[in-house]
Number of protein chains: 2
Amino acid sequence: MPATVLHRPTHRDALVLLEEAFGDGRMVTLFGRCTVEYDGRATSSLGPGDRLVVCKPDGTILVHTDEKRKPVNWQPPGCTHRASVRDGRLRVRSERTTPAERLDVRFERIDQLSAYEVTDRSDLELLGSEEDLRRRILDDPGLVEDGFVPQATERETTAGPVDIFGEDAAGRPVVVELKRRRVGPSAASQLQRYVEAVDAEFPDEGVRGILVAPSVTDRTEALLDEKGLSFVAVEPVAGDERSDSGDGGGDENGGHEEDGNEEN
Amino acid sequence: MPATVLHRPTHRDALVLLEEAFGDGRMVTLFGRCTVEYDGRATSSLGPGDRLVVCKPDGTILVHTDEKRKPVNWQPPGCTHRASVRDGRLRVRSERTTPAERLDVRFERIDQLSAYEVTDRSDLELLGSEEDLRRRILDDPGLVEDGFVPQATERETTAGPVDIFGEDAAGRPVVVELKRRRVGPSAASQLQRYVEAVDAEFPDEGVRGILVAPSVTDRTEALLDEKGLSFVAVEPVAGDERSDSGDGGGDENGGHEEDGNEEN
DNA sequence: TGGTGGATGTCGCGT
DNA sequence: ACGCGACGTCCACCA
């Protein structure tokens, strides 16, 4: 029984299924009119409205409105959720400690409650992260600069770990900070902190700092100049100069389409 | 009709309701076994598994597994979603430009499809943000330092906007950076950037920088010292010294409870 | 458990 | 549209 659904259940019927599902480790979705109160790292209050509430077996709760990618309220994994009926109304409460946080969802009307058996899970494979950029640089250090020799990754300094530490053609220490996308001032400051820390380790050796990213903003460029730091433009993945390549077919007719010969 | 649900629909039946719902501006949830491909700012691939897919009328798509608060895949608001059936299988595609991004969800099995009419919406009221901390300081500048006089908020500098700009008792310029929670090295660097920028505006006036937050990490403390910056401990909301007050009742018995006299 | 930094971060606000 | 910084950021990793 992969999915159970109750249409416009009473609050008591909803309670029964909810507790069953919480016990089973099933994922639950609730849709209806509700209010939400949160207290913990901050405090928030949300008046009545129609929302989708998702309860995961790992303790996560999400409250979604019809807009935006982020939930309007939530509780992170590891929380304990509990359902009850007060004054004839369903209430879902989620709590945790460290930090102490509580979320209450009170339903005025329940349109639908579903419980899902979740069995399978695959791992996400992702390409284009900073990790991929690092691999690219280590494969071909010349992308940073001719004669650059990487010596360590995540090298510890008093200011924190340096993405890539190495030497330039002249044998001077080089600190490389990697970013997978266009960067702002904070990246320049981060690099500067690392360079200062390494500079204290290697006095009078003229430690250099190089920011490697697809691009930088103007203000960041100025900041780098000011601090004597460099910038080198590299994309996180090889052929990716945002060339908008691919999509070689004029398909994608809108409307109601059933079956189609186009691959992809 | 606030909620429509199809239990184990055929892929074609699902298609019909999906397109109807996309057209109506209804919110949709799909549960079933699917694969997900994403290409855009990065590239990702997710093998078969049981997931909850949420499609919002504003163009948002979320793909949730049974774990974690963040969706394993998603598309932000403003995207265009479209459903089709290929080789007898439902596919939901979401696309946008700037940046060019595409998400494909292909279903192997559909356990449930629901469409919800979302009518009402209230605004979230939140307490304890940096904004609240700012109000606290402006109400009582002595929290920062005796004799501190705020002169401007969000004051522009070449390095960006300063949270609170003012003068100390001796008439020296003061840059205040606010953080609602315990801070790390990046906040110290941010303050330093602002102080340098203001210092260039007021040469030889000895511009001061003060970080106002609940607390700082050790390394950040050292960083502040090194740069001649100060730290002042202030909570974002008044009575909030994380005193763990309240909860003055031994209620909260677990288990199946229907109705209860406890308020709250 | 806390520190540190990445993220397809998202989001709002200003230019 | 881009720049910039906040966020109840979340999250993995590591001491």
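What you see is a predicted model, and the numbers here were worked out from it, not measured in a lab. So that the names make sense, note that chain A is the first sequence line, chain B the second, and so on, each numbered from 1.
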Would you tabulate the nitrogen or oxygen pairs shorter than 3.5 Å linking the protein to nucleotides 1-5 of chain C?
unit_1, atom_1, unit_2, atom_2, d
C/dG3, OP1, B/R182, NE, 2.9
C/dG3, OP1, B/R182, NH2, 2.2
C/dG3, OP2, B/R182, NE, 2.9
C/dT4, OP1, B/R219, NE, 3.3
C/dT4, OP2, B/T217, OG1, 2.6
C/dG5, OP1, A/A159, O, 3.4
C/dG5, OP1, A/Y194, OH, 2.8

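- Partners of A/K68 under the salt bridge (Lys or Arg N to Asp or Glu O under 4.0 Å) rule, at least two apart in sequence or in another chain, do not exist in this structure.
- Residue contacts shown for A/S44 are absent, as no nucleic acid heavy atom lies under 4.0 Å away.
- Checked against ring pair (Phe, Tyr, Trp, His ring centres under 6.0 Å), A/F231 has no partners two or more places apart in sequence or in another chain.
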N/O-N/O pairs, protein side and nucleotides 11-15 of chain C side, under 3.5 Å:
unit_1, atom_1, unit_2, atom_2, d
C/dC11, OP1, A/R69, N, 2.6
C/dC11, OP1, A/K70, N, 3.1
C/dG12, OP1, A/K68, NZ, 3.4
C/dG12, OP2, A/K68, NZ, 3.2

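- Comparing A/R181 and B/L124 against DNA chain D, the residue whose closest nucleotide sits nearer the 5' end is A/R181.
- Residues meeting the ring pair (Phe, Tyr, Trp, His ring centres under 6.0 Å) test with A/Y194, sequence neighbours left out: none.
- Residues that satisfy the ring pair (Phe, Tyr, Trp, His ring centres under 6.0 Å) test with B/Y38, not counting sequence neighbours, are absent from this structure.
- Residues that satisfy the side-chain contact (heavy atoms from CB on, under 4.5 Å) test with A/P173, not counting sequence neighbours, are A/F165, A/F202, A/E205, A/V207.
- A/E145 pairs by the side-chain contact (heavy atoms from CB on, under 4.5 Å) definition with A/F148, A/D168, A/R208, A/I210, not counting sequence neighbours.
- Listed by first and then second residue, the side chain to side chain donor-acceptor pair (under 3.5 Å) pairs that reach into residues 154-165 of chain B are B/R155-B/E201, sequence neighbours excluded.
- Taking the salt bridge (Lys or Arg N to Asp or Glu O under 4.0 Å) definition, one finds that B/K179 meets it with B/E177, sequence neighbours left out.
- Nucleotides of DNA chain D lying under 4.0 Å from heavy atoms of chain A occupy a range whose first and last members, 5' to 3', are D/dG3 to D/dC11.
- A/D140 pairs by the side-chain contact (heavy atoms from CB on, under 4.5 Å) definition with A/L143, not counting sequence neighbours.
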